[in-house]
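Here is how names work: the chains are called A, B, and so on, in the same order as the sequence lines, proteins then strands, and each is numbered from 1. Values reported hereafter were calculated over all heavy atoms of this structure, with side chains retained and with hydrogens, waters and symmetry mates removed.
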2 protein chains.
Amino acid sequence: MNDDAAVLKIGNETLVTTHDMMAEGVHFLPDANPADVAWKLVAVNLSDLAAKGAEPIGVLLGFTLGDDAWDEAFARGLEAALSHFDVALLGGDTVSGNENGRILGLTALGRGASDKVPARSGAKSGDALYITGIIGDALAGYELITSQQSGPQSLLKAYNRPQPLISAGRSLAPVVTAMMDVSDGLLLDASRMAQASGLAVEIDLAALPLSENYKTVRGDGRISKLAAASWGDDYQLLYAASPGAKLSVDATKVGIFLDGNGITLHDRDEMIPLPEKLGFQHS
Amino acid sequence: MNDDAAVLKIGNETLVTTHDMMAEGVHFLPDANPADVAWKLVAVNLSDLAAKGAEPIGVLLGFTLGDDAWDEAFARGLEAALSHFDVALLGGDTVSGNENGRILGLTALGRGASDKVPARSGAKSGDALYITGIIGDALAGYELITSQQSGPQSLLKAYNRPQPLISAGRSLAPVVTAMMDVSDGLLLDASRMAQASGLAVEIDLAALPLSENYKTVRGDGRISKLAAASWGDDYQLLYAASPGAKLSVDATKVGIFLDGNGITLHDRDEMIPLPEKLGFQHS
């Protein structure tokens with residue numbers, strides 16, 4: 001499950017649905033700001049819709065109740081996040097929580113903006129692999145938070161307040177051959193796209209888009225690049241497109257799809273071994 | 001939340017959405033058969049759609065992983081239940097569970113069968129209150145199971161395998177003024193319908209539809225009737241309709257809506273005090 005958002009025809013419209021969960025201790029830290037948790041729960045689900053080129057309509061929440069102060073701060077944060085993205089709370093349910101941690105679930109519904117709803121399985125041999133924005137900032141932010149260090153706000157914000165790329169997704173959907181959001185790490189998600197498309201993918205580490213803040217905090221050596229490429233939480237859009245396609249979104253070419261299967265990695269001309277973990281593997 | 005399923009216009013269709021959760025120890029017993037839990041999770045959500053006169057389309061599951069044998073039995077039961085009701089699993093997500101109990105969430109999507117989607121707020125003064133089928137069997141089944149007694153299969157089945165009344169809901173939707181499913185007890189749900197409609201409701205205990213098996217196991221005195229009327233899990237449809245409305249569904253008239261507010265109870269001609277709890281109050 002959670003492989004891909006589902007696409008349904010409802011009358012003359014295309015409905016896109018997704019359901020992502022967040023568990024305390026797995027997807028968020030026990031001492032996280034409840035408003036940040038609410039934001040992220042909304043953002044990660046809207047990011048799934050963005051990868052389908054869909055415009056969000058509304059969400060349904062499954063919530064485990066805990067202490068009142070946390071629940072109220074979460075509710076205020078949720079309201080603010082939904083208002084920010086102009087998305088309705090359609091419904092939901094609550095149950096008594098337990099002491100071992102909250103489990104939050106959100107279903108998001110969106111309207112396909114065009115007849116073409118990209119899947120992760122549509123890449124063609126010879127297509128280039130692109131990624132929007134930058135990767136790694138969320139990793140650097142997470143490390144600052146867990147080590148209780150101070151650092152650039154942009155890194156903390158990348159971890160606490162990811163931005164679903166809804167407009168970019170709508171703009172890209174008609175042009176790309178395959179698209180998904182990077183929630184589990186670029187290498188892992190790219191390998192999934194290649195596998196779903198029945199192709200091999202080659203990725204150039206030297207091309208990875210890293211921020212100056214990321215490089216300052218974590219360095220720009222190979223280990224740092226591999227870390228950025230195998231850590232989730234970036235919520236950039238990863239897509240395949242013909243090298244000649246006209247794309248109206250700022251993005252970086254990081255690889256190429258070829259006949260075959262599997263993922264290979266190089267750093268300019270040098271082939272390099274894959275890291276032990278390509279990304280965040282869900283249990 | 002969970003007050004009412006939400007209704008959306010999508011293109012030329014009406015989409016109905018709902019999300020109900022079930023928590024171990026609250027909504028199901030720790031030693032429950034996983035296939036029964038899966039059935040009930042599907043059934044209670046489809047029952048919400050039935051109360052809107054909607055035809056189910058698909059579901060999204062939020063699932064806390066536990067031990068493999070339970071998870072696999074649940075997955076098989078879920079597949080069987082979805083196949084029985086001809087509903088698609090659109091997606092979902094899983095997270096690692098914890099030892100304090102599973103929390104399951106399901107979003108169900110349905111298609112409104114007519115332009116008229118009943119709410120709980122539409123009852124008119126003078127409308128009769130009807131309930132489909134019988135109530136109390138699920139309570140009697142629950143008591144047999146928790147006291148480890150044997151008893152009629154129909155009672156066990158009422159608790160373990162509730163039936164969402166999808167066809168009845170579609171047939172009633174164009175004719176009723178208000179409708180909901182009885183998930184928290186007839187008295188509590190009727191009082192909610194009255195409150196949402198800005199009316200009072202009077203209920204006649206003598207009219208309650210009880211099964212012969214229920215009466216054999218729990219008696220048919222006033223205490224037994226009050227228990228059946230204030231216990232959830234029946235998943236019958238409760239609706240308001242003009243006393244002269246032609247209804248194609250077997251149902252029992254159990255009350256009447258009047259100007260005013262609150263719920264009153266009588267047993268034929270005798271007014272009787274309300275029980276301390278009208279039904280199952282969610283935390």
Side-chain angles (χ1 to χ4, degrees), chain A residues 1-27 44-45 48 57-66 75 78 88-112 183 282-283, chain B residues 1-27 44-45 48 57-66 75 78 88-112 183 282-283:
Chain A
M1 284 186 295
N2 196 27
D3 278 352
D4 231 350
V7 178
L8 289 174
K9 281 284 171 193
I10 302 281
N12 52 357
E13 295 258 16
T14 303
L15 185 73
V16 181
T17 66
T18 188
H19 182 88
D20 268 9
M21 302 171 83
M22 285 175 54
E24 185 177 328
V26 181
H27 303 91
V44 301
N45 276 283
D48 284 331
I57 301 170
V59 299
L60 297 99
L61 173 69
F63 186 75
T64 50
L65 296 164
L78 182 71
L89 181 60
L90 300 173
D93 199 5
T94 59
V95 295
S96 301
N98 58 47
E99 291 88 49
N100 281 16
R102 293 157 191 280
I103 292 176
L104 312 173
L106 200 80
T107 296
L109 307 180
R111 189 180 269 116
S183 55
H282 295 270
S283 59
Chain B
M1 281 185 296
N2 196 28
D3 278 352
D4 232 350
V7 178
L8 289 174
K9 281 284 171 193
I10 302 282
N12 51 357
E13 296 257 17
T14 303
L15 185 73
V16 180
T17 66
T18 187
H19 183 89
D20 267 10
M21 302 171 81
M22 286 174 54
E24 185 177 327
V26 181
H27 303 89
V44 302
N45 276 283
D48 284 331
I57 301 170
V59 299
L60 297 99
L61 173 71
F63 187 75
T64 49
L65 295 164
L78 182 72
L89 180 62
L90 300 172
D93 199 6
T94 59
V95 295
S96 301
N98 58 47
E99 291 89 47
N100 282 14
R102 293 157 191 279
I103 292 176
L104 312 173
L106 200 81
T107 296
L109 307 180
R111 190 180 268 117
S183 56
H282 296 270
S283 58

- Note on the structure: Closest non-hydrogen atoms of B:Arg111 and A:Lys9, given as atom of the first, atom of the second and distance, are NH2-O, 3.7 Å

- Task: Measure the spacing between OG1 of B:Thr64 and CE of A:Met21 and express it to the nearest 0.5 Å.
- Result: 6.5 Å

- Message: Donor-acceptor check, side chain of B:Asn12 to backbone of A:Asn12, threshold 3.5 angstrom: yes or no?
- Response: yes

- Matching residue for A:Val95 among B:Glu24, B:His27, B:Met22 - test: side-chain contact (heavy atoms from CB on, under 4.5 Å): B:His27

- Please round to the nearest 0.5 Å and tell me the distance separating atom CG of A:Leu109 and atom CG of B:Leu60. 8.0 Å

- Most contacts with chain A, counted as non-hydrogen pairs under 4.5 angstrom, among B:Val26, B:Val7, B:Leu8, B:Ile57: B:Leu8

- Taken to the nearest 0.5 Å, the spacing of B:Ile10 CD1 from A:Leu15 CG works out to 5.5 Å

